[in-house]
Amino acid sequence: MKQKIVFKVQMNCERCRIKTLKVVSDADGVDSMGFEGERKENVVVIGDGVDAATLASCLRKKVGHTEIISVALAK
């Protein structure tokens with residue numbers, strides 16, 4: 001079952017956005033990803049078998065402060 005996970009990631013520059021995309025794309029089970037929000041600070045990940053806690057931990061280590069906003073089934 002596909003999940004839609006939304007993270008709020010502290011990204012101050014374009015380099016941080018590139019790092020974020022690289023970390024998310026390297027995760028297992030990710031089908032698609034993108035940015036949302038007025039300042040493009042929310043990262044939306046859609047995939048099958050993606051572990052939200054592990055991905056959040058990787059984003060914290062590589063990019064910066066990360067919060068899990070929501071985890072829901074993808075439509």
Side-chain angles (χ1 to χ4, degrees):
M1 295 174 57
K2 291 192 184 245
Q3 294 180 353
K4 178 180 178 183
I5 306 167
V6 181
F7 298 99
K8 183 175 181 179
V9 183
Q10 181 180 350
M11 295 180 279
N12 300 325
C13 59
E14 189 63 30
R15 187 169 157 219
C16 295
R17 283 182 175 74
I18 293 169
K19 267 189 188 179
T20 300
L21 287 176
K22 183 172 167 85
V23 170
V24 172
S25 67
D26 288 344
D28 291 332
V30 174
D31 292 333
S32 65
M33 61 194 152
F35 293 113
E36 272 185 356
E38 87 180 36
R39 291 181 40 202
K40 304 288 185 194
E41 61 192 11
N42 294 339
V43 180
V44 178
V45 179
I46 297 175
D48 190 22
V50 179
D51 186 11
T54 303
L55 190 53
S57 176
C58 289
L59 286 168
R60 281 187 195 108
K61 287 179 186 177
K62 304 273 180 161
V63 181
H65 183 74
T66 303
E67 298 176 30
I68 300 173
I69 301 294
S70 69
V71 178
L73 292 178
K75 297 179 182 176

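Bear in mind the structure is a predicted one, so any value in this text is a computation, not a measurement.
Linking ILVMFWY residues whenever their side-chain heavy atoms come closer than 4.5 Å, directly or via other members, places Leu21 and Val30 in the same cluster. There is a path of hydrophobic side-chain contacts, each under 4.5 Å, that joins Met11 to Met33. Linking Ile, Leu, Val, Met, Phe, Trp and Tyr whenever their side-chain heavy atoms come within less than 4.5 Å puts Val63 and Phe35 in one cluster. Under the 4.5 Å side-chain contact rule for hydrophobic residues, Ile68 and Val44 do not share a cluster. Tracing side-chain contacts under 4.5 Å through hydrophobic residues (I, L, V, M, F, W, Y), one never reaches Val23 starting from Ile69; they form parts of separate clusters.
Taking both residues in full, the closest heavy atoms of Ala56 and Phe7 are given as CB-CE2, 3.8 Å, listed atom of the first, atom of the second, then distance. Nearest approach of Ala74 to Ile46, heavy atoms of both residues: CB-CG2, 4.1 Å. The two residues Leu55 and Ala27 make their nearest non-hydrogen contact at CD1-CB, 3.8 Å.
Side-chain atoms of Ser25 come within 3.5 Å of backbone atoms of Lys22 as a donor-acceptor pair (strictly under, hydrogens ignored). A distance-only check finds a donor-acceptor pair linking the side chain of Arg60 to the backbone of Thr66 [under 3.5 Å]. Side-chain atoms of Ser57 do not come within 3.5 Å of backbone N or O of Ala53 as any donor-acceptor pair.
Contact check for Val45 versus Lys4: no side-chain heavy atoms found under the 4.5 Å cut-off.
The structure places CD of Glu14 at 13.5 Å from NZ of Lys19, a figure rounded to the nearest 0.5 Å. Atom CZ of Arg17 and atom CG of Asn12 lie 9.0 Å apart (nearest 0.5 Å). Distance check, rounded to the nearest 0.5 Å: SG of Cys16 to CG of Leu59 gives 11.5 Å.
Exactly one residue among Val43, Asn42, Val24 makes a side-chain contact (heavy atoms from CB on, under 4.5 Å) with Val9. That residue is Val43.
In this structure, Met1 belongs to a hydrophobic cluster whose other members, linked by side-chain heavy atoms under 4.5 Å apart, are Leu73.
Heavy-atom neighbours of Asp28 CG from other residues, nucleotides or ligands within 6.0 Å: at or below the threshold of 12.
Taking the side-chain hydrogen bond (donor to acceptor under 3.5 Å, both in side chains) definition, one finds that Asp48 meets it with nothing, sequence neighbours left out.
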